[in-house]
Structures are given as structure tokens and as C-alpha cells.
Protein chains: 2
Amino acid sequence: MTYIQSSAAESPRALRRDEQRFVPLPFLTSCEHTQRRLNKEMSIRHFEAGETLQVRGCCHHRIHIILQGTATLSTSLPDGRTQILRLLMPSDLIGRLGSETTRYDVTAISDVMAGSISRHEFESLLRISPEMTRRVLHSTLRELDEARDWLLLLGRKTAIEKLASFLLTLQRRSQNLRPNLVRLPLCQFELADLLGLTHETISRQLANLRDQGVIECHGPRQIEILDIDSLVDMSGGEIDECDISYVMQ
Amino acid sequence: MTYIQSSAAESPRALRRDEQRFVPLPFLTSCEHTQRRLNKEMSIRHFEAGETLQVRGCCHHRIHIILQGTATLSTSLPDGRTQILRLLMPSDLIGRLGSETTRYDVTAISDVMAGSISRHEFESLLRISPEMTRRVLHSTLRELDEARDWLLLLGRKTAIEKLASFLLTLQRRSQNLRPNLVRLPLCQFELADLLGLTHETISRQLANLRDQGVIECHGPRQIEILDIDSLVDMSGGEIDECDISYVMQ
DNA sequence: CGGAATCTTGATCAACTTCAAGCGTCGTGG
DNA sequence: CCACGACGCTTGAAGTTGATCAAGATTCCG
């Protein structure tokens with residue numbers, strides 16, 4: 001992983017002092033030339049929580065790479081029902097390679113720092129660097145797997161199974177000191193839009209888990225998993241994180 | 001598009017005589033060398049309707065490219081609930097690039113003819129040919145868009161909206177002489193697994209559409225769309241086929 | 001013709017939504 | 001510093017959708 005220096009002039013908001021200086025920059029290749037060009041062309045942008053990074057159906061000219069913070073990728077029906085398609089985390093790409101127009105909405109749900117680069121620039125880098133193309137292909141394939149796992153969750157799981165599955169995903173993903181202490185990156189409204197439920201159902205099922213002693217809530221967003229085995233049972237069968245060996249490098 | 005000749009010795013089953021001779025072979029590049037090697041390494045295989053092409057969680061060594069026929073990509077929970085993730089049609093890849101193990105099941109729902117090539121061979125072709133890699137990336141991005149559109153359908157649409165949306169997708173995709181005559185590639189059980197419903201609900205909602213005069217059924221699998229505007233209204237807002245301009249060639 | 005698979009229809013039921021009201025917390029402005 | 005409103009969360013009651021269970025009808029094929 002290579003790093004880019006974030007200049008002090010760009011005044012990151014709500015980012016801790018010691019996090020400001022160096023930012024991991026993904027998709028960099030071993031090729032010096034490509035790397036220099038990516039460094040040169042990419043600028044750092046900051047977005048506040050709640051800010052819109054992308055609106056679907058719009059012409060877009062810049063690709064963003066999340067460096068810090070979380071955003072949602074979402075879409076909705078004309079009557080307002082919305083579905084969150086994915087949480088975007090550091091190293092995720094925002095924008096649609098190969099298309100003039102975006103297809104989904106992107107909204108920051110925490111303060112977000114992102115690398116910004118012109119889409120044409122990024123695409124011409126891909127044309128130059130087969131290695132970078134392979135890396136992007138690779139991460140796209142992983143996103144596709146994730147989306148497909150989510151299809152099973154949305155199409156076939158019950159409310160409690162959806163919630164249990166999601167908590168387990170969070171737990172797996174978090175590299176906390178206390179691995180069973182999970183911080184919800186979303187409020188219950190957003191959680192509902194992610195799991196295809198209503199916020200009332202989310203609240204009730206969380207209470208349900210709490211009453212059964214499976215979780216304990218420390219504040220509205222801090223959840224401690226007390227009984228992970230029960231949670232696994234209630235998730236209706238987890239799709240194991242497949243150990244994808246990275247043959248494609 | 002380049003073509004490969006299907007040798008008579010391989011005796012395709014249930015494929016019409018005039019379809020047997022030449023098969024479109026996708027992902028071919030303008031590079032002569034790559035093309036020759038792909039031609040050389042790929043063999044033709046036939047699968048009968050109902051046959052399993054891939055089981056999830058298994059080690060896999062061969063990539064298949066569907067040349068004719070339809071298969072389903074699916075996954076299921078331990079208790080048997082299953083979700084069909086996508087219909088696989090000609091030019092779709094079967095297998096997971098970059099991973100030793102498969103993640104989903106693939107089942108033929110009609111007789112299928114597929115090109116078969118060793119995964120390592122295919123991956124080393126990708127390493128050689130940046131153009132081919134870009135094409136695969138491109139089609140993966142499109143699959144990702146499709147999967148995400150399906151997330152909205154499964155998470156937020158009602159039964160009738162799901163069915164209407166699917167019929168419209170079929171209609172859009174079919175290049176029939178009579179564009180409003182749609183052939184269902186699936187039985188109602190499979191349709192249920194695709195739309196996240198039960199087969200009884202499918203049957204009832206089809207009857208519903210029939211009673212309202214929106215569709216007319218000619219046999220169990222032939223559906224004529226009588227009132228496409230109503231169908232669009234009932235679909236709860238279609239995601240427009242975005243006109244992705246192929247900037248990435 | 002017989003049997004399996006598929007489709008249809010009805011009755012009942014459960015899960016989840018909808019609607020409604022109330023509570024706690026936080027931030028802002030008087 | 002307190003009051004107020006916005007927002008997020010909780011809980012209850014009622015309503016709907018779609019699932020489940022069950023029984024037939026139809027089609028398909030050997």
C-alpha cells in the first residue's frame with residue numbers, strides 16, 4: 001500500500017489530528033509511472049455527514065476513492081421507498097467506470113475524505129496499466145459476490161435473520177480491541193433501508209435480541225454481542241466468508 | 001464477434017440443425033494471438049436441462065461460457081429456501097475468476113451449450129491481453145448494476161411490482177417478431193425463487209394481471225402483454241435501462 | 001393410461017407494515 | 001440557562017400482504 005500526503009491547507013473536518021497526515025491510496029501498482037501519475041492527478045476532497053456525493057442518473061466526470069469515513073450507495077422508487085445497496089468504506093470507488101452517467105445515489109453518513117480524480121484520467125490509467133485493471137476487476141468481482149449474498153438476504157431471510165446476519169457481518173469486519181463490541185455505522189432508519197424493513201421492525205427486533213440476552217446495547221449505536229452462537233443460529237445460515245485466494249495478481 | 005465451429009462429433013442435443021454450426025464466442029479480442037489461443041483451448045460441452053453445471057463451495061478448474069441456452073445462478077439457505085440470483089444467457093461466464101472455489105450453484109434450465117476452458121488458461125489469457133481484461137471488467141460492471149437493480153426489487157417491491165418488473169425486463173430483452181409476446185424461461189417455482197416469493201403468489205398475481213386484461217396467457221409459458229403502459233405503472237417505477245456508452249474499449 | 005410435475009384456487013395464519021402516540025437526546029436560539 | 005423543536009427510538013394496536021396448508025385441475029410424457 002502506498003500513501004499520499006494530505007496537505008494541511010485542505011482542512012479536514014472532524015478527522016482526528018493523527019489521522020490527517022497520511023492516507024492509504026488503493027489501486028496503486030508496482031509501476032512507478034502509473035503511480036506518479038495517479039498521485040499527481042488525485043486531489044483530496046472532504047464531505048460532511050449527510051452530504052450527497054453522487055446523484056443517480058447524472059452525468060459524472062470524476063471518480064472518488066473513499067479514504068476515510070462511510071457512505072451509502074442507494075437507489076429508490078418514485079414513491080420514496082429506498083434501498084441501500086452497500087456501505088462504502090475506505091478503498092471503495094464511487095462513480096461508474098465505462099459510463100457517462102451514474103446509476104445510484106451516494107450519501108456520506110459520516111464525515112468522508114475521498115481522493116478525487118477525473119474519470120477520463122482514471123480510465124486512461126486503466127488503459128495504460130493492466131495490473132491496475134486487474135485490481136479493479138478483482139475488487140469488482142468481490143463487490144458482485146457481496147451484492148449476490150445480499151440478494152439472498154433480501155429475498156429469503158426473515159427480519160430477525162436479516163438483522164442477525166448484518167450484526168455478524170459488522171462483527172467480522174470490525175477489528176476492534178473487543179471484537180464483540182460493534183458500532184452501528186447507521187441509524188435505524190438507514191438500517192431499515194439496508195435490510196429491506198421498516199425502522200419499527202428494526203427497533204422491535206433489536207429489543208427482541210436484547211430481551212433474549214443475545215446482545216446488550218451500550219448507547220443507541222454501540223452493541224455488544226453476548227452470545228455469538230445464538231446470533232449465528234438466528235442468522236438462518238451464514239454465507240461463509242469465502243477465502244478467495246488472490247490468483248489474479 | 002468471432003465464431004468458432006462446433007464439430008459434428010460433439011453431437012449437440014436438442015439444438016436445431018441450423019443453429020449447430022457456428023457459435024458466437026465472446027470476449028475475443030482484436031489480437032490474433034490471444035484469439036488463436038482461446039480458440040485452441042476452448043472445447044464445446046453440452047448440458048441437458050436440469051443438469052448441474054456448478055455447485056457452490058467446490059473447487060473449480062474450468063470456466064464455462066454459455067453459447068446457447070439458459071441456466072440459473074442461485075444460492076440457498078441450509079433449510080432449503082433458495083434465491084435465484086441471475087439468469088445466465090449466451091455470452092455469460094460461469095465460474096469465479098480469481099478464486100479456487102465457487103460461491104454459487106449453476107443449473108441448466110434448458111439444454112445448454114457452453115465453451116469450456118481451464119480457469120488457469122483463461123486467467124493467463126487475461127494476464128496477456130489487457131483488452132480482454134477490460135472486456136471482462138466491463139461485463140462484470142454490468143452484472144453488478146443488474147444485481148443492484150435486483151436488490152431494489154427484492155428489498156422494496158411488492159409481489160405484483162416484482163412480477164410486472166420481470167415481465168418488462170423479459171419483454172425488453174426479447175427480440176421477437178411480436179415484441180409483446182414473451183416466453184417465460186422458467187416455471188413458476190423458479191420464478192418464485194427469482195422474485196423472492198412463493199409459487200402460489202406467482203400464480204395468483206399472474207391470474208390478477210390476466211383478470212385485469214394486462215396480459216393474456218397462451219399456454220403456461222407464453223405470455224402476451226396486452227397493455228404495456230399498465231404493466232409499467234404496476235411495476236412501481238422501472239429503472240431505465242441506462243444507455244451505458246462503452247467508453248472503455 | 002397412469003403418474004409426476006406443474007399450476008390453480010381457497011382458507012387460514014403469521015410476519016411485517018402502517019398508523020399513532022409518547023419518550024429521550026441533542027443542538028440552537030432566546 | 002432553559003425552552004423548544006428536530007430527530008431518532010420505542011411501543012401499542014390494527015391492518016395487509018404474502019406465506020402456509022390443503023385440495024384439485026391440468027399438462028406433460030413415458
*Does the pair A:Ile94 and A:Ile65 meet the rule for a side-chain contact (heavy atoms from CB on, under 4.5 Å), with working shown?*
CA-CA 6 Å; A:Ile94 299 172; A:Ile65 299 174; over 6 Å; no
_Please tell me if B:Thr201 has a side-chain N or O lying less than 4.0 Å from either OP1 or OP2 of D:dA19._
yes
*Given C:dC7, C:dC16, D:dC9, which nucleotide is nearest the side-chain atoms of B:Arg221?*
C:dC7
_Sub-4.5 Å side-chain heavy-atom contact between B:Gln222 and B:Leu184_ = no
*Which pairs count as salt bridge (charged side-chain N to carboxylate O under 4.0 Å, His left out) when at least one residue sits in residues 183-205 of chain A, sequence neighbours excluded?*
A:Asp193-B:Arg156
*Which of parallel (below 30°), tilted (30 to 60°) and perpendicular (above 60°) describes B:His199 and B:Phe189?*
parallel
_Which nucleotide wins on minimum distance to the side chain of B:Cys187, given the candidates C:dC7, C:dT9, D:dG8?_
C:dC7
_Residue closer to the 5' end of DNA chain C, B:Arg204 versus B:Leu186 (nearest nucleotide)_ = B:Leu186
*Between A:Gln188 and D:dC7, is there a side-chain N or O to OP1/OP2 distance below 4.0 Å?*
no
*Between D:dC9 atom P and A:Asn208 atom CG, what is the distance in whole Å?*
18 Å
*Looking across every strand, which nucleic acid part, if any, lies under 4.0 Å from B:Arg81 by heavy atom: base, sugar-phosphate, or nothing?*
nothing
*Could you list by number each residue of residues 192-200 of chain B showing a heavy-atom separation from DNA chain D of less than 4.0 Å, or answer none if no residue does?*
B:Gly196, B:Leu197, B:Thr198, B:Glu200
*When you measure from the side chain of A:Arg210, which nucleotide among C:dC7, D:dG18, D:dT10 comes out closest?*
D:dT10
*Could you check B:His60 against B:Gln54 for side chain to side chain donor-acceptor pair (under 3.5 Å), going step by step and ending with a plain yes or no?*
CA-CA 8 Å; B:His60 76 309; B:Gln54 174 180 299; 5.5 Å; no
_Separation of C:dC7 P from B:Phe189 CZ (nearest whole Å)_ = 8 Å
